[in-house]
Amino acid sequence: MSTDLPLYERIYAVVCLIPPGKVTTYGHIARLVGGCSARMVGYAMAATPDGRGIPWQRVINRKGQISPHGDGYGTVMQRAILEEEGVDFNANGCVDFTKTGWFPEQLP
DNA sequence: AGATTGACTGCAT
DNA sequence: CATGCAGCCAATC
């Protein structure tokens with residue numbers, strides 16, 4: 001496998017495979033990458049430099065909500081981007097996984 | 001080289 | 001039913 005690249009680089013690759021208008025959870029990303037836990041995905045996302053075309057905003061927690069990291073500024077922006085993508089949010093700020101959830105069993 | 005942290009998750013209370 | 005605690009492993013200081 002491509003163990004040559006840092007772990008987060010592989011995570012970015014999986015995140016880039018998420019189609020627009022769809023969202024997934026950290027745990028599922030970790031499963032697709034294999035050999036890492038949800039914490040690694042979260043850490044990778046926090047270290048993801050914006051500008052590489054990485055749809056990090058399509059990765060949310062298993063509750064279907066956006067994780068309130070930092071001061072919460074980026075969190076609000078993330079939801080705005082997802083709404084632009086066509087993701088539907090509930091009154092609780094939760095995403096409907098039955099409509100916008102992307103959970104492939106393995107990489108295409 | 002060692003210690004700390006972190007966008008999470010699942011199970012227990 | 002809601003909240004708390006421990007486990008996960010790599011990256012950073």
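Worth knowing before you read on, the calculation uses all heavy atoms, side chains too, and leaves out hydrogens, waters and symmetry mates. First the proteins, then the strands, lettered A, B, ... as listed; each starts at 1.
For DNA chain C, the contact window with chain A, defined by any atom under 4.0 Å from a protein heavy atom, covers C/dG7 to C/dT12 in 5' to 3' order.
Residues satisfying the salt bridge (Lys or Arg N to Asp or Glu O under 4.0 Å) criterion with A/R31, sequence neighbours excluded, are absent altogether. A search for ring-ring contact (aromatic ring centres under 6.0 Å, His included) contacts involving A/Y43 returns nothing, not counting sequence neighbours.
Listed by chain and number, the hydrophobic cluster partners of A/I66 are A/V23, A/I60, A/L82, A/V87, A/F89, A/V95, A/F97, A/F103, where partners are ILVMFWY side chains within reach of under 4.5 Å, directly or through others.
When atom types are taken as modelled, the side chain of A/H28 and the backbone of A/P104 share a donor-acceptor pair closer than 3.5 angstrom. Side-chain atoms of A/N92 do not come within 3.5 Å of backbone N or O of A/C94 as any donor-acceptor pair.
When side chains are defined from C-beta on, A/P55 does not count as touching A/E85, because their heavy atoms never get closer than 4.5 Å. A/V15 places a side-chain heavy atom less than 4.5 Å from the side chain of A/I29.
In this structure, A/A47 and A/M40 both approach DNA chain C, and ranking their closest nucleotides by distance from the 5' end singles out A/M40.
Rounded to an integer number of Å, the gap from OH of A/Y26 to P of B/dG10 is 14 Å. With rounding to whole Å, A/H69 atom NE2 is found 6 Å from B/dA7 atom C1'.
Among residues at least two apart or in separate chains, salt bridge (Lys or Arg N to Asp or Glu O under 4.0 Å) pairs with a member in residues 43-56 of chain A are A/E9-A/R52.
For residues 55-63 of chain A, proximity to DNA chain B is found at A/W56, A/N61, A/R62, defined as any non-hydrogen atom under 4.0 angstrom from a strand atom.
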